[in-house]
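Along the sequence shown, residues carry numbers from 1. No hydrogens, no waters, no symmetry mates; every other heavy atom, side chains included, goes into these values.
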Amino acid sequence: MTHNIKKNIAPSFQDRLGVRPDGKDTALITGAEALMRSLEHEGVETIFGYPGGAIMPSYDALFDHTGTLNHILVRHEQGAAHAAQGYARASGRVGVCLVTSGPGATNTVTGIADAMIDSTPIVVIAGQVGKAFLGTDAFQEVDLLGITQPITKWSYQIRRAEDVAWAVARAFYIAKSGRPGPVVLDFAKNAQVEKTDYVPVVVDYIRSYMPVPEVDQEVVAQAADLINKAERPLVLVGQGVELGNAQEELKTFLEKADMPAGCTLLGLSALPTEHPLNKGMLGMHGNLGPNVNTNKCDLLISVGMRFDDRVTGKLDTYAKQAKIIHFDIDPAEVNKNVKADIAVLGDCKDTLKAVTELLKPAKHKEWIDSFLTYEKVEEEKVIRPELYPLGKELTMGEVVRAVSNATNHEGILVTDVGQNQMIAARYFKYSKDRSIITSGGFGTMGFCLPAAIGAAFGRPDRTVCAFMGDGGLQMCIQELGTIMEQRAPVKIIVLNNNYLGNVRQWQAMFFNGRYSFTPMANPDYLKVAGAYDIPSCRVTSRDQLQRAVQDMIETDGPFLLEVCVMEEGNVLPMTPPGGSVNQMLLEC
C-alpha cells in the first residue's frame with residue numbers, strides 16, 4: 001500500500017488561502033471554532049468522539065454547533081474510530097472522530113490501521129498539548145504523528161490557528177480521493193484557543209499527489225483484446241468496485257463478455273448474490289467453484305482487489321496457467337503479490353467502461369456450466385447440512401439465513417471477526433450495494449458493535465444486522481452504552497458457542513484438538529442487555545428461531561438476540577493454511 005502522503009511542512013499563506021471571498025472582512029475566531037466551521041464546510045453531519053483535556057476547547061466550540069454537527073458520544077475511543085469506519089463504509093462519505101490526546105489518541109490506532117488496510121476514508125482529529133509543551137513529556141503527550149504515519153495516508157500536526165481551515169480541507173481531500181484511507185490531524189491546544197480569521201478553503205489538487213492515474217488507452221485495448229480471445233475468463237471482484245461506485249459498470253462488463261465472477265469478502269455486495277454470473281465468495285472459506293476454477297481459467301481478471309493471501313492461498317500454485325489482468329487505482333498493488341500481464345490503472349468506474357466498449361459480445365456456456373459440478377458438491381456436503389441440519393443443535397448458518405430472509409435480503413451486514421464473520425458472509429444474501437461491513441485485512445475483534453452504530457447513522461433508512469461471537473462482543477461491549485443513549489436501531493445477533501470459535505476450529509483441525517484457552521465462560525447477555533435498556537431474547541431451539549428473528553426485526557430501535565449454537569460447529573469449506581485454492585477441505 002502506498003496511498004500515503006507524508007509531507008508535514010507548514011503551509012505558506014498562499015497554500016492556506018484556497019478559495020476566499022474577495023474583499024470580505026472576517027471576524028477573528030478561535031482555532032476550535034474554525035475547526036467546527038471547516039467541518040461544516042466539508043458537509044460533515046455526524047462526529048463520533050469522546051472529550052478530554054487537550055481537546056476540550058474544541059468540544060466547547062462544538063457546543064454551539066449541535067444543530068448542524070451531530071456528536072455521538074461513544075464509550076471508548078477505539079469505538080469512535082470503528083464507528084467512523086462503519087459510517088463511511090455504509091454511506092460512502094468520510095467518517096469523522098474527535099478525541100483527546102495521549103491515551104485518547106492511541107486508543108484510536110487500531111481503528112486507523114484497520115481503515116488503512118481496508119481503504120476506509122476517516123479523519124481522526126486528536127487533541128495535543130500546547131506547542132510550548134511539545135517534547136517535554138507533558139501530561140498526556142504522545143508523538144501521534146510518529147505512531148500513525150505508517151498507517152495513514154497523511155498525518156499532520158496543527159500548531160497554529162491560522163492553519164486549521166487549510167489542514168481540514170486537505171485532510172478530507174486526501175482521505176476520500178483516489179484509494180481512500182485514514183488521515184490524522186493532531187491539534188495542539190494552543191492552536192485551538194488562538195484567534196484567526198476564518199475563510200473557507202477548498203483543496204482539490206496537491207502537487208506530487210496523483211490520486212487517480214490517467215487511463216492508458218493502449219493498455220485498455222490490450223486488455224480488451226485478451227478478454228475477447230479468452231475461452232475461460234474469470235473475474236475477481238473486490239471492494240474497489242464499491243469504493244468507485246462502479247457496480248453498474250461491472251455488471252455491463254460481465255454480461256457483455258459473459259464472464260463468471262467471484263467476490264472477495266469486502267466485495268461481496270458489489271454484485272447481487274442472485275446475479276447469474278455471480279459464482280460466490282473467494283478465499284479461505286469461500287465457495288468451491290470460484291476457488292477451484294481460479295486454477296483452471298485461462299484469463300484471470302481482478303477488479304479493485306489486492307490479491308490478499310486469504311484469497312490466493314499458496315502463491316506458488318496460484319493461477320499459474322492463466323494470463324492476468326489487474327484493474328486497480330493504486331499502482332503499488334500491481335505485481336505486489338501476483339504478477340500481472342496487463343495492468344489497467346485508473347478509477348474502475350472509468351476503466352471498466354473503457355474496456356467494455358471494446359469487448360465483443362461472447363458466450364462461455366461450457367465454462368460457466370463447469371461451476372455447476374462444484375456447486376452441487378458444495379450444496380450436498382456443506383450448504384445443506386448447514387442450512388437444514390438433521391441434529392437438534394442450531395447451526396450458525398441457519399441463523400444467518402433466517403435473519404437475511406427477514407430483511408428480504410436488503411439489510412446491511414456488519415460482522416465481527418472469526419467464525420461469525422465467515423459464516424455470515426457466506427449465508428447472508430446481498431441485493432443492494434454497500435451491504436457488508438467487516439474488518440477484512442486487519443481482522444479486528446471488537447469491530448462489529450461500534451461499526452454497526454456508525455452504519456446505523458450512515459444509513460438510517462436500512463436495517464443494520466450486527467453478527468458477532470461471544471468473544472467479539474466482549475471486546476467492545478461498553479458500546480452498548482452508546483446504543484442505549486442514542487437508541488441506535490442496531491439488531492445485535494450473538495452467535496454464542498462458548499468458545500473463541502475460529503481459533504478452536506484451527507486447534508481442532510491442525511493442533512490435535514488441544515483447546516488451549518479457547519473455551520469461554522460468558523455473562524448472561526440478556527441481563528447485560530437489560531442493564532442497558534435494550535430489548536433482548538435468547539434462542540435455544542430451532543422452533544424458537546423464526547419468531548425471535550421476526551420480533552427482532554419488527555422492534556423499533558435496538559435489539560439483542562442471543563442464539564445458542566452448536567459449540568463445536570465449523571466453517572467449511574476451508575483452504576488449509578499454506579494450501580492451494582483448489583485444495584479446499586469440505587469436511588474436518
Side-chain angles (χ1 to χ4, degrees), residues 89 92 118-119 179-180 223 227 230 232-294 297 299-308 310-312 318-319 322 324-330 333-334 337-338 340 342-356 359 364 367-368 371 375 413 422 425-426 428-438 440-441 581:
R89 297 264 288 275
D118 281 352
S119 301
R179 181 180 180 178
I227 294 169
R232 301 183 306 282
L234 176 61
V235 180
L236 312 184
V237 178
Q239 187 193 197
V241 174
E242 297 265 57
L243 296 175
N245 297 310
Q247 296 88 350
E248 291 305 314
E249 287 78 7
L250 173 70
K251 288 181 199 172
T252 304
F253 174 70
L254 295 175
E255 290 165 3
K256 187 173 183 180
D258 196 33
M259 296 181 289
C263 299
T264 67
L265 175 64
L266 297 184
L268 280 171
S269 62
L271 190 64
T273 303
E274 299 301 330
H275 193 286
L277 292 172
N278 188 346
K279 298 305 173 184
M281 187 167 81
L282 300 162
M284 177 176 280
H285 289 290
N287 294 103
L288 190 60
N291 278 288
V292 172
N293 275 345
T294 294
C297 65
L299 178 63
L300 196 65
I301 307 161
S302 76
V303 185
M305 55 87 73
R306 58 189 179 84
F307 289 109
D308 174 74
R310 289 296 174 99
V311 167
T312 64
Y318 184 77
I324 294 176
I325 300 173
H326 192 164
F327 287 78
D328 213 292
I329 200 168
D330 186 353
E333 291 299 343
V334 176
N337 295 325
V338 175
I342 297 175
V344 186
L345 295 176
D347 188 325
C348 62
K349 192 173 183 69
D350 299 324
T351 55
L352 283 173
K353 183 178 180 181
V355 171
T356 302
L359 295 181
H364 297 104
W367 168 237
I368 292 172
F371 286 79
E375 288 169 6
L413 170 67
M422 294 294 102
R426 281 181 56 86
F428 207 82
K429 288 190 174 183
Y430 313 94
S431 63
K432 296 184 175 182
D433 56 35
R434 292 188 177 273
S435 290
I436 180 168
I437 300 171
T438 189
V581 289

Would you say [X] and [Y] make side-chain contact, with heavy atoms under 4.5 Å?
X      : Y      : value
Leu265 : Ile436 : yes
Asn245 : Arg434 : yes
Lys251 : Leu271 : yes
Val334 : Leu345 : yes
Ile227 : Pro233 : no
Val303 : Ile325 : no
Ile368 : Leu277 : yes
Lys279 : Asn293 : no

Under 3.5 Å donor-acceptor, [X] side chain and [Y] backbone:
X      : Y      : value
Tyr318 : Thr294 : no
His364 : Met259 : no
Arg89  : Thr438 : yes
Ser431 : Pro272 : no
Asp347 : Ile329 : no

[atom1]-[atom2] distance between [X] and [Y], expressed to the nearest 0.5 angstrom:
X      : Y      : atom1 : atom2 : value
Phe253 : Ile301 : CZ    : CD1   : 4.5 Å
Met284 : Asp308 : CE    : CG    : 9.5 Å
Glu242 : Leu266 : CD    : CG    : 9.5 Å
Arg232 : Leu300 : CZ    : CG    : 12.0 Å
Thr252 : Leu352 : OG1   : CG    : 9.5 Å
Leu234 : Leu299 : CG    : CG    : 9.0 Å

Which atom of [X] lies closest to which atom of [Y], heavy atoms considered:
X      : Y      : result
Cys348 : Ala246 : SG-CB, 3.8 Å
Pro290 : Gly262 : CB-CA, 4.2 Å
Met281 : His285 : CE-O, 3.4 Å
Ala270 : Val241 : CB-CG1, 3.9 Å
Val355 : Ala223 : CG2-CB, 4.4 Å
Ser119 : Arg179 : OG-NE, 2.9 Å

For this session: Classify the angle between the aromatic ring planes of Trp367 and Phe371 as parallel (below 30°), tilted (30 to 60°) or perpendicular (above 60°).
Result: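 Answer is perpendicular, since the angle exceeds 60°.
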Problem set entry | Contacts of type side-chain contact (heavy atoms from CB on, under 4.5 Å), residue Met305, not counting sequence neighbours |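 side-chain contact (heavy atoms from CB on, under 4.5 Å) check on Met305 returns Leu236, Thr264, Ser302, Phe307, Val311.
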Exercise. Do Glu375 and Asn287 pass the side chain to side chain contact (heavy atoms under 4.5 Å, CB included) test, and can you show the C-alpha distance, the side-chain angles, and the key distance before you say yes or no?
Worked result: CA-CA 8 Å; Glu375 288 169 6; Asn287 294 103; over 6 Å; no
Exercise. Can we say Lys353 and Glu249 salt-bridge, meaning some charged N sits less than 4.0 Å from an Asp/Glu carboxylate O?
Worked result: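 Here Lys353 does not pair with Glu249 in a salt bridge, since their nearest N and O are not under 4.0 Å apart.
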